[in-house]
Amino acid sequence: MERAIYFAANDQEMFRLPVNPEKVSVKTEGDGEEFTIASLGRVNVPKDKKLSGFSLESFFPAQPTHYSGAVFKEPQYYIALLEKWMTNKQPVRYIYVNGSFTINELVTIENFEYDEAFGSEDVNFSLELKTYVPFAPKKMQVVKKQTSSAVQVVKKKAPTRPSTKPKPTTYTLKAGDNLWKVAKYYTGNGNRYPELQKLNRIKDSQLRKLPIGLVLKIPTDWVK
């Protein structure tokens, strides 16, 4: 297997570099921060490493060549595609295989330079790439603060209405009383005693045995 370098975007646009560069470079740096401490002098506090950078230089041949590992395309094809990706801020897949190390990184194109030297129609170019880490802003969730100033609805108790229902009038039987006498006392007509009997649910068999002290309910229309 021969060494090869590929660029791909969106699984639809892809090409292999027609001519491998003489050198494939990878740059990885730390992001340590220096401080001065009185007793020690300068110290370095290590932090997460920076995003890796990649650089390469080669050329796009103007004519088909026997040493090109890709199907021939005009230099303008590669230039247009690389510039479009860079203009659109399109992350692309940078792949280097069959070398002493392998690269398979999502990158952005940070710098793309090309020129044409006199005496040749080949287009020389250089690329500076940087690792791209996909990210997306998180949607913020607004939490409403509960305040004690919320208006509290206090339900007032409705005033108690005085009862308009007339209190029942009662009569307590005394010695010698009977229902006929009670009806006579209130209505002037003792023959209305059945109304009193019915109201107090007194059976006929009980009329002669009504006990002294029995409290009778008096019909309301008997009381003026």
Side-chain angles (χ1 to χ4, degrees), residues 1-37 39-141:
M1 296 290 289
E2 60 179 338
R3 296 182 182 181
I5 292 177
Y6 299 89
F7 286 92
N10 297 327
D11 296 328
Q12 297 177 348
E13 297 173 321
M14 176 179 178
F15 67 80
R16 175 183 173 179
L17 281 186
V19 180
N20 288 332
E22 293 184 357
K23 182 171 65 174
V24 176
S25 299
V26 181
K27 185 176 183 180
T28 302
E29 292 182 285
D31 195 20
E33 191 171 357
E34 292 188 5
F35 294 92
T36 300
I37 299 178
S39 59
L40 297 176
R42 298 292 292 176
V43 297
N44 180 40
V45 178
K47 294 186 177 180
D48 294 339
K49 70 176 184 179
K50 294 182 179 178
L51 296 174
S52 296
F54 309 90
S55 61
L56 52 93
E57 296 181 4
S58 184
F59 66 96
F60 301 123
Q63 302 293 331
T65 62
H66 66 281
Y67 51 81
S68 174
V71 176
F72 175 75
K73 295 182 182 299
E74 297 284 347
Q76 185 57 41
Y77 169 81
Y78 301 103
I79 293 172
L81 206 51
L82 289 167
E83 287 193 333
K84 186 182 80 168
W85 290 343
M86 190 172 181
T87 300
N88 295 339
K89 304 178 182 64
Q90 171 69 57
V92 297
R93 180 65 61 180
Y94 172 46
I95 303 171
Y96 173 54
V97 294
N98 300 321
S100 299
F101 54 87
T102 300
I103 300 173
N104 188 349
E105 289 278 342
L106 197 60
V107 300
T108 53
I109 302 172
E110 298 298 309
N111 186 56
F112 174 45
E113 294 184 25
Y114 56 94
D115 61 64
E116 179 181 345
F118 290 107
S120 172
E121 295 180 347
D122 294 343
V123 175
N124 304 307
F125 73 89
S126 64
L127 280 169
E128 298 289 338
L129 312 171
K130 181 178 285 187
T131 296
Y132 174 77
V133 179
F135 69 97
K138 290 186 177 179
K139 187 176 182 180
M140 295 183 65
Q141 184 176 5

(request) Not counting sequence neighbours, which residues clear side chain to side chain donor-acceptor pair (under 3.5 Å) with Asn104? List them please. (result) Arg93
(message) Test of understanding: with side chain to side chain donor-acceptor pair (under 3.5 Å), list the residues that count as partners of Thr36, not counting sequence neighbours.
(response) Arg42
Just wondering, do [Y] and [X] contact through their side chains at under 4.5 Å, heavy atoms?
| X | Y | value |
| --- | --- | --- |
| Asn10 | Trp85 | no |
| Ile5 | Ile95 | no |
| Asp122 | Pro75 | no |

Shortest non-hydrogen contact from [X] to [Y]?
| X | Y | value |
| --- | --- | --- |
| Lys130 | Leu51 | CG-CB, 4.0 Å |
| Ser126 | Glu57 | CB-CG, 3.6 Å |
| Pro91 | Ala9 | O-CB, 4.4 Å |

Between [atom1] on residue [X] and [atom2] on residue [Y], distance to nearest 0.5 Å:
| X | Y | atom1 | atom2 | answer |
| --- | --- | --- | --- | --- |
| Ser25 | Leu127 | OG | CG | 12.0 Å |
| Ser58 | Asn20 | OG | CG | 7.0 Å |
| Lys50 | Thr131 | NZ | OG1 | 13.5 Å |
| Asp31 | Asp48 | CG | CG | 8.0 Å |

(message) Just to verify, what does Phe101 make a ring-ring contact (aromatic ring centres under 6.0 Å, His included) with, not counting sequence neighbours?
(response) Tyr96
(request) For Tyr94, check ring-ring contact (aromatic ring centres under 6.0 Å, His included) against everything at least two apart and list the hits. (result) Phe7, Phe54
(message) Show, in sequence, the C-alpha distance, side-chain angles and deciding distance for Leu129 and Thr108, and conclude whether the side chain to side chain contact (heavy atoms under 4.5 Å, CB included) test is met.
(response) CA-CA 6 Å; Leu129 312 171; Thr108 53; over 6 Å; no
(request) Kindly determine whether Leu17 and Phe125 satisfy side chain to side chain contact (heavy atoms under 4.5 Å, CB included), including the steps that lead there. (result) CA-CA 11 Å; Leu17 281 186; Phe125 73 89; 3.8 Å; yes
(message) Run the side chain to side chain contact (heavy atoms under 4.5 Å, CB included) test on Val92 and Leu106 for me, step by step, so that the C-alpha distance in whole Å, both residues' side-chain angles and the decisive distance to 0.1 Å come before the verdict.
(response) CA-CA 6 Å; Val92 297; Leu106 197 60; 5.9 Å; no
Sequence neighbours excluded, which residues qualify as side-chain contact (heavy atoms from CB on, under 4.5 Å) partners of [X]?
| X | answer |
| --- | --- |
| Thr28 | Val26, Lys49, Ser52 |
| Asn124 | Phe59, Asp115, Ala117 |
| Asn111 | Glu113, Glu128 |

(message) Strictly by side-chain hydrogen bond (donor to acceptor under 3.5 Å, both in side chains), give each pair with a member in residues 74-83 just once, sequence neighbours left out.
(response) Glu83-Tyr114
(message) Can you list everything that forms a salt bridge (Lys or Arg N to Asp or Glu O under 4.0 Å) with Lys47? Sequence neighbours excluded, please.
(response) Glu33
(request) Using salt bridge (Lys or Arg N to Asp or Glu O under 4.0 Å) as the criterion, list what pairs up with Glu13, not counting sequence neighbours. (result) Lys84
(message) Other residues, nucleotides and ligands only: do more than 12 of their heavy atoms fall within 6.0 Å of CD on Gln90?
(response) yes
(message) Applying salt bridge (charged side-chain N to carboxylate O under 4.0 Å, His left out) as the test, list every pair that has at least one member in residues 14-23; sequence neighbours left out.
(response) Glu2-Arg16
Check residues 60-69 and write down every donor-acceptor pair under 3.5 Å in which the side-chain atom is one partner and the other belongs to a residue at least two apart or another chain.
from  : atom 1 : to    : atom 2 : distance (Å)
Thr65 : OG1    : Ser68 : N      : 3.3
Ser68 : OG     : Pro18 : O      : 3.1
Ser68 : OG     : Ala70 : N      : 3.3
Ser68 : OG     : Ala70 : O      : 3.3

